[in-house]
Amino acid sequence: MTHPLVPSLPDLIARARADLRMGLPVVLDGPAPQLAAAVETLSPERLAALGPDVVLVLTARRAETLKARAYDGDIARVAVPAGADLGWLRALADPAGDLMTPMKGPLRTLREGDAGPARAAVGLVKTAHLLPAVLMAPLPDASAVPGLTHLPATLLPAALAAEAQFAPVSVGALPMQAAGRGRLHVLRADGEEHFAVEVGQPDRDRPVLARLHSACFTGDVLGSLKCDCGPQLHAALARMGAEGAGVLLYLNQEGRGIGLANKMRAYSLQDQGFDTVEANHRLGFEDDERDFRIGAALLRQLGFSAVRLLTNNPAKVAMLESHGVRVVERVPLKVGRGPENAAYLDTKAAKSGHLL
Ligand SMILES: Nc1nc2c(ncn2[C@@H]2O[C@H](COP(=O)(O)OP(=O)(O)OP(=O)(O)O)[C@@H](O)[C@H]2O)c(=O)[nH]1
Ligand SMILES: [Zn+2]
């Protein structure tokens, strides 16, 4: 039996995310161990130390913008020419300069060999909220580089796709302007925290008025006019207050799961004329990278099995239904439309299935 103090695979994944964000490579163990480093955080010294035999892994979304062939389905492995420097790699990873310097290729993509470790590495970097671009290099002698986090390449995809198991951390009373008396629960899974605001004392035996709200620092805190998040947050709480009970999950899924740094990159692209979906794609992300199962897991953990869901997004309803939470009613939440966000809301309706 494994010693209890040995890190589990979820522990190692959480550690690997921190490493990648700091600019350290991680090791994907297998028959041929490989180093994987995020292009965004790599330093010139560490790039040089990866050796000449490196491959750049991008998502097929990013490859499409770069007009590179993606032979591996959702990812593309791009050959790195001898002498390519960090500037070259960053220009491929980051679309900020695409319009200024459109010619980055021609790029040669690989089709031979096993793409599994490369796909796992990109998945990991995405969950670290970095640009989805990874440099991979062979690691011939692991003992030469002590201290790196090692992950088993073949087990990584299933571990990244596993549903989070939440543990309650703390709860405290919270009187709120919009909703009167409430309680804020903090829950944690694999090092990530999410919050649940209980308004009043919702009955666990009846469908609860619920909102799954993804974090939006710009909208919720700064009152940004580019989206409808702030008004939706406050309207949801007010409605719960008026009804006397409800539960609002405040999910740590900034920017539809791409993180605030990438969301600001997306906003810069939107200023260049791309819409919210195109901007995500140019960065190499899907339209929506959120793990919607988290909301279902949190509701179940808090004892709720049926909800009246405040949302305009049918995908949220479908996800809850398929993960053990009955949605007895969808309650529309249409607030905050204005001249600055009308095009954004129309794009969500046209491309992401939101109900206007
Ligand atoms: N990537 C990206 N994320 C954005 C943009 N504008 C807002 N967001 C994020 O979008 C998410 C909106 O979340 P929600 O309001 O919970 O979800 P929704 O899918 O719009 O569904 P409902 O509001 O329930 O109808 C938040 O995480 C915001 O940070 C954008 O232009 N790009
Ligand atoms: Zn927002």
Side-chain angles (χ1 to χ4, degrees), residues 13 16-17 19-43 46-82 84-95 98 104-139 148-161 258-259 262 265 280-286 289:
I13 289 174
R17 287 191 187 111
D19 289 355
L20 291 163
R21 291 177 69 89
M22 288 187 293
L24 281 168
V26 299
V27 182
L28 300 186
D29 281 330
Q34 283 182 280
L35 290 158
V39 172
E40 177 177 341
T41 50
L42 200 59
S43 67
R46 286 187 170 141
L47 169 61
L50 290 178
D53 202 5
V54 287
V55 170
L56 173 65
V57 189
L58 302 171
T59 64
R61 291 284 187 200
R62 183 73 189 127
E64 194 184 330
T65 300
L66 295 167
K67 307 224 172 350
R69 300 283 285 274
Y71 294 112
D72 303 321
D74 54 341
I75 62 160
R77 290 172 293 151
V78 177
V80 178
D85 63 5
L86 202 48
W88 186 84
L89 292 165
R90 290 220 171 117
L92 291 186
D94 188 344
D98 280 1
K104 299 190 169 86
L107 301 173
R108 190 172 68 83
T109 41
L110 310 180
R111 59 202 312 174
E112 65 282 0
D114 177 14
R119 178 171 293 108
V122 169
L124 184 64
V125 166
K126 271 190 179 181
T127 65
H129 297 159
L130 298 166
L131 283 168
V134 180
L135 212 51
M136 313 250 333
L139 175 69
L148 295 180
T149 300
H150 286 246
L151 299 159
T154 50
L155 301 183
L156 197 51
L160 285 172
I258 66 174
N262 285 320
R265 293 187 173 111
N280 262 38
H281 291 175
R282 291 186 81 87
L283 283 162
F285 292 105
E286 298 304 316
E289 294 276 356

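As a basis for the values below, the full set of heavy atoms in this structure was taken, side chains included, without hydrogen atoms, waters or symmetry mates.
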Task: Student check: side-chain heavy atoms of Asn262 and Asn280 closer than 4.5 Å - done: no
- [ ] Could you give me the CA-CA distance, side-chain angles and deciding distance for Val27 and Leu35, then say whether side chain to side chain contact (heavy atoms under 4.5 Å, CB included) is met?
- [x] CA-CA 5 Å; Val27 182; Leu35 290 158; 4.0 Å; yes
TODO: Any chance you could measure Ile258, atom CD1, to Arg265, atom CZ, to the nearest 0.5 Å?
DONE: 9.0 Å
- [ ] State, with a plain yes or no, whether a side-chain heavy atom of Thr65 is found less than 4.5 Å away from one of His281.
- [x] no
Task: Test item: His129 and Arg17 side chains (from C-beta on) under 4.5 Å apart, heavy atoms - done: no
- [ ] Search all heavy atoms of Trp88 against all heavy atoms of Pro81 and return the closest pair with its distance.
- [x] CH2-CD, 3.4 Å
Open item on the list: Are Leu42 and Leu50 packed together at the side-chain level, in the sense that at least one heavy-atom pair is separated by less than 4.5 angstrom?
Closed with: yes
Open item on the list: So Leu28 and Met136, do their side chains get closer than 4.5 Å, heavy atoms only?
Closed with: yes
TODO: Of all the heavy-atom pairs spanning Thr109 and Ala68, show the shortest one and how long it is.
DONE: CG2-CB, 4.1 Å
Task: Other residues, nucleotides, ligands: >12 heavy atoms within 6.0 Å of Glu64 CD - done: no
- [ ] Mind listing the closest non-hydrogen atom pair of Leu156 and Ala120 along with its distance?
- [x] CD2-CB, 3.7 Å
- [ ] Could you give me the CA-CA distance, side-chain angles and deciding distance for Val80 and Leu135, then say whether side chain to side chain contact (heavy atoms under 4.5 Å, CB included) is met?
- [x] CA-CA 9 Å; Val80 178; Leu135 212 51; 4.2 Å; yes
Task: pair Arg46-Leu24: side-chain heavy atoms closer than 4.5 Å - done: yes
Task: Shortest non-hydrogen separation from Val39 to Arg90 and the atoms involved - done: O-NE, 3.6 Å
Task: Where Ala16 and Val26 come nearest, the two heavy atoms and their spacing - done: CB-CG1, 3.8 Å
TODO: Going by the salt bridge (Lys or Arg N to Asp or Glu O under 4.0 Å) test, name the single residue among Asp72, Asp74, Asp114 that passes it with Arg119.
DONE: Asp74
Open item on the list: Would Leu124 and Leu151 count as a side chain to side chain contact (heavy atoms under 4.5 Å, CB included) here? Give the steps.
Closed with: CA-CA 11 Å; Leu124 184 64; Leu151 299 159; 3.7 Å; yes
TODO: Begin with the C-alpha distance, continue with both residues' side-chain angles, and end with the deciding distance and a verdict on side chain to side chain contact (heavy atoms under 4.5 Å, CB included) for Leu139 and Leu148.
DONE: CA-CA 11 Å; Leu139 175 69; Leu148 295 180; 5.6 Å; no
Task: Taking every non-hydrogen atom, the tightest pair across Phe285 and Arg61 - done: O-CG, 3.8 Å
